[in-house]
Amino acid sequence: MGASDKLRGLAVILNMINIADSIHSAAFPLLFSVVWIAAIEEVIQAWYMDDSDEDQRLPHHREPKEFVSLDQLAELGVLSWRLDADNYENDEELKKIREERGYSYMDFCEVCPEKLPNYEEKIKNFFEEHLHTDEEIRYCVAGSGYFDVRDHNERWIRVWVKKGAMIVLPAGIYHRFTLDSDNYIKAMRLFVGDPVWTPYNRPHDHLPARKEYIENFLQKESGGKAVDAAA
Ligand SMILES: CSCCC(=O)/C(O)=C/O
Ligand SMILES: [Fe+2]
Ligand code: NI
């Protein structure tokens, strides 16, 4: 988080303490969580996509817009954080996440014609629906882009990551990536041990990673009703 973010966060919190003073104290934890959700949603937003074949770099909102919360993403195994992208070299929060989750490997992937070899081919491949046998961990340190993931009912959810957003796509989730119309992202790539970037284009349902993903996330109770991923 940058200095201006911190100051703004502090001002909002002080304002809330004033408000909280004048109302029942039980409301305070609720107000506090609203501030945090607003802050992370400045850099990560998700929504259901429309069915149009238009330019993949457009937002593809449905009409009316249908947003998806970060909690709904977490139910699909998609984790997210907001970090200080201006300070990734000395960020204690990033260090803690890396230690706790065993992310020993780190490099950067810059998606633009000048920096990415075989740019056109890579752009095409990133947008093919695929899965990996390990987590896909990306921390957007500059620019922005869309990670699309399938929900319990095979609908596409578009996850917009901007500077400061870190996401983890679980092993076995079908997904794809595209730049947005700003045409640039620089992402930190993290991995447990030696990296394996192999994409398995859909269908690859026989892979153990896919079966485990279905068992862990798609066949669980969700929103009060059991969902059968194979249906
Ligand atoms: C922004 S990193 C490029 C996308 C990528 O590495 C990947 O595997 C997409 O699924
Ligand atoms: Fe991928
Ligand atoms: Ni295969």
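Just so you know, these numbers come straight off a predicted model, no measurement behind them. Just follow the structure's listing: the first ligand is 1, and inside any ligand the first atom is 1.
Checked against the 6.0 Å centroid threshold, F108 and Y88 count as a close aromatic pair.
In this structure, R101 and V192 approach most closely via the heavy-atom pair O-CG2, 3.6 Å.
Within a 6.0 Å sphere centred on CG of D194, heavy atoms belonging to other residues, nucleotides or ligands number 12 at most.
Electrostatic pairing of K96 and E100 counts as a salt bridge here, judged by a charged N lying under 4.0 Å from a carboxylate O. The pair R202-E128 fails the salt-bridge criterion, with no side-chain N (NZ, NE, NH1 or NH2) lying under 4.0 Å from an Asp/Glu carboxylate O.
By the side chain to side chain contact (heavy atoms under 4.5 Å, CB included) test, N90 is found to be paired with N87, residues two or more places apart in sequence or in another chain being considered. Checked against side chain to side chain contact (heavy atoms under 4.5 Å, CB included), E110 has the following partners two or more places apart in sequence or in another chain: K115, Y184, K186.
Not one N or O on the side chain of H130 forms a donor-acceptor pair closer than 3.5 Å with the backbone of Y174.
Around the Fe ion (ligand 2), protein atoms of type N, O or S found under 2.8 Å number 4.
Stacking of R62 on the aromatic ring of Y48 is not recorded, the 6.0 Å distance cut-off and the 45° axial limit not both being met.
Residue-level contacts of ligand 1 at the 4.0 Å heavy-atom threshold are F126, H130, H132, E136, R138, H175, F177, I185, A187.
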